[in-house]
Amino acid sequence: MSSSNNSPFGLLPGMRPSMRGNMTPTIVAGAVILVLLLIWLFRPFTIVDGGYVGVKTFFGAPEQDVLGSGFHFVVPVAEAVFEVSTQPQLASTTETASTQDQQNVSTGVSVNFTINPAEAVNFWKNYRDIPTLTQTIIAPIVSNDTKAVTADYTAQELITRREQVRQEIEQDVRADLAQYKVAVVTGVNITNFSYSDAYDQAIDAKQVAQQTALEEQYKLQQVQISAQQQVAQADAQASAAVDIAQGQAKATILQAQADAQAYKLKQQALTPDILTLSAIQKWDGQLPHYMAGSTAMPFLQLGGSGSAGAPPAGK
């Protein structure tokens with residue numbers, strides 16, 4: 001009995017012809033897995049993350065082309081890709097220097113920068129990473145420029161003209177770092193000015209003296225205001241007293257004038273007849289019992305004058 005066998009190796013010992021058809025899918029699946037595994041191991045591609053650029057090397061030597069973010073093919077084993085961050089970076093340092101008036105001051109400075117994507121290859125060749133660039137290039141530049149600018153100002157001016165000081169430091173740092181091309185400065189900030197203990201104590205004493213002077217000046221102003229108020233009150237009282245006295249004097253004068261006028265009018269109104277009539281009205285009708293020889297009889301006029309009180313003749 002013969003059977004057809006298309007396999008170049010024929011049937012394996014103990015293998016029935018029907019088993020060959022069943023193993024074909026398994027072999028194919030295994031081959032696919034093997035190929036995928038080889039692809040994964042040798043990695044003929046790479047992915048550059050966002051916020052980074054890629055520097056590709058060929059057997060260790062960097063190529064000039066910079067890879068952007070995304071998917072890229074590479075030659076396994078021969079080529080490799082190194083990522084360089086283009087995200088914002090921060091370098092901070094504190095520098096101690098002398099001011100124009102010979103005061104020691106520690107200045108905290110922060111520099112914001114990014115790696116220039118076009119110079120990523122030079123950055124990778126010379127520095128490899130951000131800390132190395134910061135220590136070897138950025139920190140010395142910031143230290144030198146900060147000390148140079150600080151020396152142009154007094155200790156007090158560093159505080160009162162802080163923004164101007166910051167601008168000068170930033171301008172110098174930008175200019176000095178630009179010659180290296182690999183980093184772009186986006187901003188420079190002064191985080192702190194720290195002085196010696198003796199200077200701080202002198203500042204505190206000055207502030208206390210100024211505050212005390214302000215308090216004494218305030219007290220003096222209060223005393224002056226109080227004195228002015230008392231003077232104004234005394235003037236008002238004196239003016240009121242004068243007005244009262246003048247009013248009383250005028251009232252007295254007016255009263256005296258009125259009394260004098262009334263007396264004058266009374267004197268003019270008291271004629272002899274009125275006086276006699278008034279006496280008669282007050283007389284009780286009794287004649288005196290004793291009279292001096294020369295005393296005239298009240299209300300009687302002798303000599304035939306015909307005045308009241310004399311009895312008519314012939315009666």
Student: Do S110 and S92 pair up side chain to side chain, a donor and an acceptor below 3.5 Å, judged on atom types alone?
Tutor: yes
Student: Say whether Q257 and Q261, considering side chains only, have a donor N or O and an acceptor N or O under 3.5 Å apart.
Tutor: no
Student: If you take all heavy atoms of V48 and G54, which pair is closest and at what distance?
Tutor: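 Shortest heavy-atom contact: CG1-N, 4.0 Å.
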Student: Side-chain donor-acceptor pair under 3.5 Å between Y180 and E119, yes or no?
Tutor: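 Judged by distance alone, the side chains do not pair up.
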Student: Is the backbone of G51 close enough, under 3.5 Å, to the side chain of T86 for a donor and an acceptor to pair up by distance?
Tutor: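 Flag set: sc T86 to bb G51 pair under 3.5 Å.
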Student: Are the side chain of T160 and the backbone N or O of Q156 linked by a donor-acceptor pair below 3.5 Å?
Tutor: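 Side chain of T160 to backbone of Q156: a pair is present.
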Student: Are the side chains of V111 and V142 in contact, using a 4.5 Å heavy-atom criterion?
Tutor: yes
Student: Is it true that Y127 and Q135 share a donor-acceptor pair across their side chains at a distance under 3.5 Å?
Tutor: no
Student: Checking D101 side chain against A155 main chain: does a donor-acceptor pair fall under 3.5 Å?
Tutor: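 Side chain of D101 to backbone of A155, a donor-acceptor pair under 3.5 Å: yes, one is there.
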Student: Within the 3.5 Å criterion, strictly below it, is a donor on T186 or N112 matched to an acceptor on the partner's side chain?
Tutor: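 There is no such pair (donor and acceptor under 3.5 Å, judged by atom type) between the side chains of T186 and N112.
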Student: Got a donor-acceptor contact below 3.5 angstrom from the R162 side chain to the I190 backbone?
Tutor: yes
Student: Examine distances only and state if a side-chain atom of S226 and a backbone atom of Q222 form a donor-acceptor pair shorter than 3.5 Å.
Tutor: no
Student: Examine distances only and state if a side-chain atom of N126 and a backbone atom of N122 form a donor-acceptor pair shorter than 3.5 Å.
Tutor: yes
Student: So, does S98 use its side chain to make a donor-acceptor pair with the main chain of Q102 at under 3.5 Å?
Tutor: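 Not at all, since once roles are kept as given, no pair shorter than 3.5 Å links the two residues.
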Student: Looking at side-chain heavy atoms only, is the closest gap between Q164 and Y153 below 4.5 Å?
Tutor: yes
Student: Taking Y52's backbone N and O only, do any of them form a donor-acceptor pair with D49's side chain (distance below 3.5 Å, no angle check)?
Tutor: no
Student: Does a side chain donor of either S194 or N192 reach within less than 3.5 Å of an acceptor in the other side chain?
Tutor: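 Result is no, nothing qualifies.
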Student: Are the side chain of T46 and the backbone N or O of V81 linked by a donor-acceptor pair below 3.5 Å?
Tutor: no
Student: Between the side chain of T150 and the main-chain N/O of T146, is any donor-acceptor distance below 3.5 Å?
Tutor: yes
Student: Does T94 reach the side chain of V109, with side-chain heavy atoms less than 4.5 Å apart?
Tutor: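 Answer no - side chains too far apart.
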Student: Take the angle between the ring planes of F71 and F73 and call it parallel below 30°, perpendicular above 60°, tilted in between.
Tutor: perpendicular
Student: Quick check: do D243 and Q246 have side-chain heavy atoms less than 4.5 Å from each other?
Tutor: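 Contact flag for D243/Q246 side chains = yes.
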Student: With side chain to side chain donor-acceptor pair (under 3.5 Å) as the criterion, how do Q229 and Q233 come out once you've worked through the C-alpha distance, each side chain's angles and the decisive distance to 0.1 Å?
Tutor: CA-CA 6 Å; Q229 291 175 345; Q233 184 177 3; over 6 Å; no
Student: Quick one: pull up NZ in K147 and CG in D152 and give me the separation to the nearest 0.5 Å.
Tutor: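 These two atoms lie 15.0 Å from each other.
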Student: Do S143 and E95 have side-chain N/O donor and acceptor atoms under 3.5 Å apart?
Tutor: yes
